[in-house]
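Here's the structure, in structure tokens; my notes come after.
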Amino acid sequence: MEPTNQKFLERVVSQKALQMGSSFPCQICVVGFLCGVCLTSFFLAVLTSVGTFGFTGISFSSLSMGNSPLNSSSEIINVITSSDYQSKVKETARWVDSKGREPESDDDERVSLLTEAWGALLADREPEESEFSKRFGLNKSSLPNTPHLENCKLSAQVNKHLDARSGAGRFPPWTTWKGSLNMYPATETDKNLRSFKDQPVSDGAYPPWIVGSDEENYPLTRKVQRDIWIHQHPVNCHDPNIKFLVADWEKLPGFGIGAQFAGMAGLLAIAINEKRVLVTGYFNRADHDGCKASRGSWSCYFFLETSQECRDRAFELITNKEAWEKGTIKGKDSYKSKEIWTAKVPREWGDPWSYLQPTTDINGSLIAVHHRMDRRWWRAQAVRYLMRFQTEYTCGLLNVARHAAFGKEAAKMVLASLDKDWPKVITNQPKSEIEEFVWSNHRPWVPRPLLSMHVRMGDKACEMKVVEFEEYMELAHRIQMRFPHLKNVWLSTEMQEVIDKTRSYPHWNFYYTNVTRQVGNVSMATYEASLGRKTSTNYPLVNFLMAVESDFFIGALGSTWCFLIDGMRNTGGKVMAGYLSVNKDRFW
């Protein structure tokens, strides 16, 4: 009876369980339990795969910018955008779509890969092909074009060709050729092209380093630049009638880089007035390891002011007592300090400064006339000539700066034009002739419009009226009211408080060099010494040249640095962009 009763009990329990399982509430509980198990398994799978997600054999969690030259360089650019202030919120509010992927995660990884791969090519020691392939899973040749970088080696070669006389003392090929077009391999049948290349320059040919028409530059800029080049590059440097002025760059303590440029502009004026060829000597700011073969020379950063033949001849005459007695050669010590700093502006072009266009805005009004217009015009011409061509080293500094600032944006643009499966799918197309020769002259890409702003404070208060950053931003807002698409600012300043204040303007994108800045009021000489010679020279020059290339500029004319930036812009095709200054020059 006992087994029978046991079976009967089991049957009753089973029936009750079946009835309970058939009830609706129980079914909900079971389904809920099973869904919970599924979701838990799914999230565990996702979490365990995050650390190893990648493609083409690359684990992106292992790609560290710590090996990039951009992170190890003191000239890295900081970028502050309005999106930065929401970044922490976005990190905690990311969502996962129905396929278990974060939105655009593939694109983000591709942008990071391309940005870092480009950056690796800018290192002081470019990685070998095998090292590059192992690190990125790519060949160098498979990398897409870098719109924001310049081919520095090629540019230096082209500029060298444009800055030297050819055989028999002929002029450089300035007539019609720009960029690499003069290197186009014409065939033997192209007789007309070849004969045209060999023609001497006509009276109407102007130097290729001047951008824009006469109306877009200071008066007579193209003619003056051409004449200075001719003066500084005589056909025969050993001609006994050729006289020289040899001068080191100013190196007295306390003289800033802007003062050094202004001093050399005065010496160039003296050389032209006395019909001498200016030959520059020691440049203390180039006396660092970065300059290598051209250490201590202006040629580290820019092309030399005269030919190597004339330099050799001048330095040969330095040791000749008779040459000094006859006045064939002179040095900086031959002139009083006042003669250099207030040098008489050359008059062989008349007085073109008398009809400068009024494009400088101070306190809402254009400045049409002041009593230093001749010096303003001449310093612009002199500095433009001295900086007419950048060396490969300077070009490389600008490449690093642009990549740190704009590399990610450039990568996004480029990837938008590639196959969505890049780098799994790579299509290598040979470069066409129009790309190689015609488009070679296009300047590197930057986000435009771009406003450059130089905020000078600190010890400058002893020389000019110093204003707060807020007043600079008021001027920026004035420009934005006329050009509402303006939002990018290249900011240069020595003061940390200025950088800190950018956080109060979340609707602007600020780019600036990542160097140690002043906290408190110390002299510029002390500040530069704390940075070291290399950094204290390289980062100001990068800021200077970026300001020259920007669409708009805001500064303080009481600062020699801003004064010279304005001059370079006004001989670089940007007269009609105007200049908004927070004060006027202290000598006006």
Side-chain angles (χ1 to χ4, degrees), residues 110-111 113-123 126-127 129 132-133 136 138-163 172-190 192-194 196-197 207-212 389-392 394-403 405-448 450 545-546 549 551 572-573:
R110 294 197 308 156
V111 168
L113 173 64
L114 183 54
T115 303
E116 190 177 353
W118 280 342
L121 300 180
L122 298 177
E126 184 178 325
E129 185 66 57
F132 187 86
S133 179
F136 299 108
L138 297 166
N139 296 322
K140 294 180 185 179
S141 59
S142 65
L143 285 179
N145 178 54
T146 52
H148 60 303
L149 303 181
E150 186 171 1
N151 186 332
C152 295
K153 184 169 291 187
L154 178 61
S155 293
Q157 291 174 352
V158 171
N159 292 339
K160 184 177 180 180
H161 186 59
L162 296 173
D163 197 52
W174 291 352
T175 312
T176 58
W177 315 107
K178 298 187 74 173
S180 304
L181 200 55
N182 192 53
M183 298 181 179
Y184 180 72
T187 63
E188 291 297 331
T189 57
D190 297 328
N192 291 335
L193 181 61
R194 284 184 173 277
F196 188 68
K197 278 187 179 183
W209 58 85
I210 300 302
V211 178
F389 288 131
Q390 299 166 15
T391 61
E392 188 175 344
T394 301
C395 175
L397 294 177
L398 286 167
N399 271 350
V400 171
R402 278 192 300 266
H403 185 66
F406 316 126
K408 195 169 185 178
E409 296 172 68
K412 289 179 180 178
M413 288 193 309
V414 169
L415 288 171
S417 66
L418 299 180
D419 190 291
K420 62 182 179 62
D421 291 325
W422 185 94
K424 288 182 178 179
V425 177
I426 296 176
T427 303
N428 286 328
Q429 295 183 347
K431 187 176 289 188
S432 64
E433 290 187 344
I434 195 171
E435 290 178 86
E436 186 173 356
F437 299 105
V438 181
W439 294 343
S440 62
N441 198 56
H442 285 242
R443 298 295 302 154
W445 174 85
V446 298
R448 296 193 184 276
L450 181 65
L545 295 171
M546 286 300 300
E549 293 295 326
D551 299 286

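Counting heavy atoms from C-beta outward, Thr391 and Thr394 have side chains that approach closer than 4.5 Å. Residues Trp445 and Met413 have side chains in contact (heavy-atom distance under 4.5 Å, counting atoms from C-beta outward). Put simply, the side chain of Leu398 does not reach to within 4.5 Å of the side chain of Glu549, judged on heavy atoms. Under the 4.5 Å side-chain criterion, counting only non-hydrogen atoms from C-beta, His403 is in contact with Thr115. Leu113 is listed as a side-chain neighbour of Pro423, based on a closest heavy-atom distance under 4.5 Å. At least one side-chain heavy atom of Pro144 sits under 4.5 Å from a side-chain heavy atom of Trp422. Side-chain contact between Asn159 and Trp209 is absent, with no heavy-atom pair separated by less than 4.5 Å. The shortest side-chain heavy-atom distance between Leu114 and Leu415 falls under the 4.5 Å cut-off.
Scanning all heavy atoms of the two residues, the minimum distance from Gly396 to Cys152 falls at N-SG, 3.5 Å. Closest approach of Pro447 to Leu450, counting heavy atoms only: O-CB, 3.5 Å. In this structure, His161 and Pro172 approach most closely via the heavy-atom pair O-CB, 4.2 Å. For the residue pair Lys153 and Glu392, the shortest heavy atom distance occurs at CE-OE2, 3.8 Å. Smallest separation of non-hydrogen atoms from Pro208 and Phe389: CG-CZ, 4.1 Å.
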Go through Leu545 and Gln390 one step at a time and tell me if the side chain to side chain contact (heavy atoms under 4.5 Å, CB included) criterion holds.
-> CA-CA 10 Å; Leu545 295 171; Gln390 299 166 15; 4.0 Å; yes
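A donor-acceptor pair under 3.5 Å links the side-chain atoms of Asn151 to the main chain of Leu154, judged by distance alone. No donor-acceptor pair closer than 3.5 Å links the side chain of Glu409 to the backbone N or O of Phe406. At least one donor-acceptor pair closer than 3.5 Å links the side chain of Asp419 to the backbone N or O of Asp421. Side-chain atoms of Asn399 never come within 3.5 Å of backbone atoms of Leu149 as a donor-acceptor pair (strictly under, hydrogens ignored).
Interatomic distance, CZ of Phe132 versus CG of Leu121, reported as 5.0 Å (0.5 Å rounding). Going from atom CE of Met546 over to atom CG of Leu397 covers 12.5 Å, rounded to the nearest 0.5 Å. One distance of note links CZ of Arg443 with CD of Glu150; it measures 4.5 Å at 0.5 Å rounding.
In this structure, Lys140 places its NZ atom where more than 12 heavy-atom neighbours from other residues, nucleotides or ligands lie under 6.0 Å away.
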